[in-house]
**Q** 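Please read through the structure below; I'll follow up with questions.
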Amino acid sequence: MALILGIESSCDETAAALVTHDRRILSHRLAGQEEAHRPFGGVVPELAARAHVEMAVPLVEAALADAGVRLADVDAIAATAGPGLIGGVMVGLMTGKALAHAAGKPFIAVNHLEGHALSPRLAEPNLNFPYLLLLASGGHCQLLFVRGVGDYARLATTIDDAAGEAFDKTAKLLGLGFPGGPAVEQAALEGDAKAVRLPRPLLGADEPHFSFAGLKSAVLRARDAGLYRPVDIAASFQLAVIDCLIDRTKRAIDRSEGATALVIAGGVAANQAIRSALSALAEREGLDFVAPPSWLCTDNGAMIAWAGAERFAAGPVDDRNVPARPRWPLDPTAEKARGAGVKA
Ligand code: KG4
Ligand code: ZN
């Protein structure tokens, strides 16, 4: 059974993992960079790239040691080639290419978004194509009709901020700390979600696109009003995000004939309140619901190794000349969303 080494370095986690095509995760190692970025309240690309340089090789060594295998035992090496912060992508991509070259193994360039999109199939053996995927992370918020490996139709995207970005900015505005998503989720547990009236951008709109910039501005106004506790703003914000995700995803379900499951992935899918709301939606719509465990939703090496395993199983690959790409859409044919690129 094919054994794949996966390397991830597109944002602020350096990660390496060994995964087989029969879904055994032999090892996965991850080095976060929270301490480096915390003073800045967000990811600083140059610091991220430098940390990847330090951590990439030791993490690969640790993952191999944990799994009890040598580089010579792997069948292929996969690394993220984009999209992401270009400095970090280049570090992981070159590490993967160099290891593949030295060990005489095929190299697989993985699209980070495809890593997220296929990771639910690593977690759930019974998840078959096609499925509807809500991919919500720090850089993306998309609804994708996943027909097969490498075959994605983008039904919707955000016209401004990504959902995770909205969580991160809200955390910063409310002084809840970094990284923002888990901090807002934690604060929301102690708050009253009905305390602050916040907008639900694009609710009811025909196309299933997302928008979160206006919500973030409303959080800023609520904070400056000085009338509300931060935990109440956090809870109200999270509920507004959930209402938007549910409404938009419901629209996409109506356009996803043949889909057997509603699937979520990406860092925001680690949020328990969001998981339960989407699970309830799937049940109402008669769809199976699949959400990978939280550690597999946020960036990790296993999802890159798994996407590599799926690509490797589909036929011969040789991505040795693939460039690092800051942008790399899963569905290059998708039209630009109306209003896209307008940031508030
Ligand atoms: O997929 P990911 O690890 O990296 C990207 O590819 O962007 O996603 C990171 C994003 C961040 O914006 C983070 O705040 C958000 O996912 N996130 C969460 C939670 N955990 C991570 N958002 C809401 N609730 C969470 N528990
Ligand atoms: Zn990601």
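All values below were derived from every heavy atom in this structure, side-chain atoms included, with hydrogens, water molecules and symmetry-related copies excluded. Position 1 is the first residue of the sequence; numbering continues from there. Just so it is clear, the model here is predicted, and its values are computed rather than measured. Read the numbers this way: they start at 1 and go in the same order the structure lists the ligands and their atoms.
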**Q** Within the structure, is a non-hydrogen atom of H140 found at a distance of less than 4.0 Å from ligand 1?
**A** no
**Q** Does the side chain of L143 come within less than 4.5 Å of H209's, by heavy atoms?
**A** no
**Q** Among V43, T170, D299, V184, which residue places a heavy atom closest to atom 3 (O) of ligand 1?
**A** D299
**Q** With nothing but distance in play, are any N or O atoms of G181 less than 3.5 Å from an N or O of ligand 1?
**A** yes
**Q** Go through the structure and list residues passing side chain to side chain contact (heavy atoms under 4.5 Å, CB included) with A334, not counting sequence neighbours.
**A** R154, D331
**Q** side-chain contact (heavy atoms from CB on, under 4.5 Å), that's the test. Do R121 and R23 meet it? Break it down for me.
**A** CA-CA 9 Å; R121 282 167 50 82; R23 297 185 167 79; 4.3 Å; yes
**Q** Rounded to the nearest 0.5 Å, how far does CG of L64 lie from CZ of R29?
**A** 11.0 Å
**Q** Give the residue, atom name and distance (to 0.1 Å) of the protein heavy atom nearest atom 9 (C) of ligand 1.
**A** G138 N, 3.7 Å
**Q** Applying a strict 4.0 Å limit to heavy atoms, is H112 in contact with ligand 1?
**A** yes
**Q** State, yes or no, whether a side-chain contact exists between V241 and Q238 at a heavy-atom distance under 4.5 Å.
**A** no
**Q** Below a 4.0 angstrom heavy-atom separation, can you tell me which part of T298, side chain or backbone, both or neither, approaches ligand 1?
**A** both
**Q** Can you find a heavy atom in the side chain of F312 that is under 4.5 Å from one in the side chain of H21?
**A** no
**Q** Numbering the atoms of ligand 1 from 1, which are under 4.0 Å from a heavy atom of H116?
**A** 1 (O), 6 (O)
**Q** For atom 15 (C) of ligand 1, which candidate among G267, P179, A166 holds the nearest heavy atom?
**A** G267
**Q** Test your reading of the structure: does G266 have an N or O sitting under 3.5 Å from an N or O of ligand 1?
**A** no
**Q** Have a look around the Zn ion (ligand 2) and list protein N/O/S atoms under 2.8 Å, or say none.
**A** H112 NE2, H116 NE2, D299 OD1
**Q** Please could you name the atoms of ligand 1 that E185 approaches to less than 4.0 Å, counting only its heavy atoms?
**A** 25 (C), 26 (N)
**Q** Any carboxylate oxygen within less than 4.0 angstrom of a Lys/Arg side-chain nitrogen, looking at E46 and R50?
**A** yes
**Q** Return yes or no for this condition: an N or O of G164 is under 3.5 Å from an N or O of ligand 1.
**A** yes
**Q** Looking only at protein heavy atoms, which one is nearest to atom 24 (N) of ligand 1, and how far off is it?
**A** N271 ND2, 3.0 Å
**Q** For D168, counting its heavy atoms only, list the atoms of ligand 1 lying under 4.0 Å from any of them.
**A** 11 (C), 12 (O), 13 (C), 14 (O)
**Q** Does a sphere of radius 6.0 Å around CG in N321 hold more than 12 heavy atoms from other residues, nucleotides or ligands, not counting ones at 6.0 Å or beyond?
**A** no
**Q** Supply the members, apart from L122, of the Ile/Leu/Val/Met/Phe/Trp/Tyr cluster built from side-chain contacts under 4.5 Å; use none for a lone residue.
**A** V19, I25, L113, L118, L127, F129, Y131, L133, L135, L144, V146, V149, Y152, V263, V290, W295, L296, W306, L330
**Q** For G139, state whether at least one heavy atom is located under 4.0 Å from any atom of ligand 1.
**A** yes
**Q** Residue-level breakdown please: for Q272 versus ligand 1, do any non-hydrogen atoms fall below 4.0 Å on the side chain, on the backbone, on both, or on neither?
**A** neither
**Q** If the condition is side chain to side chain donor-acceptor pair (under 3.5 Å), which residues does R311 pass it with, not counting sequence neighbours?
**A** D319
**Q** Do E165 and C141 have side-chain heavy atoms sitting under 4.5 Å apart?
**A** no
**Q** In plain terms, say whether D73 and R70 are close enough for a salt bridge, that is, a side-chain N and a carboxylate O under 4.0 Å apart.
**A** yes
**Q** List the steps and the verdict of side-chain contact (heavy atoms from CB on, under 4.5 Å) for L18 and L3.
**A** CA-CA 7 Å; L18 283 145; L3 172 63; 4.1 Å; yes
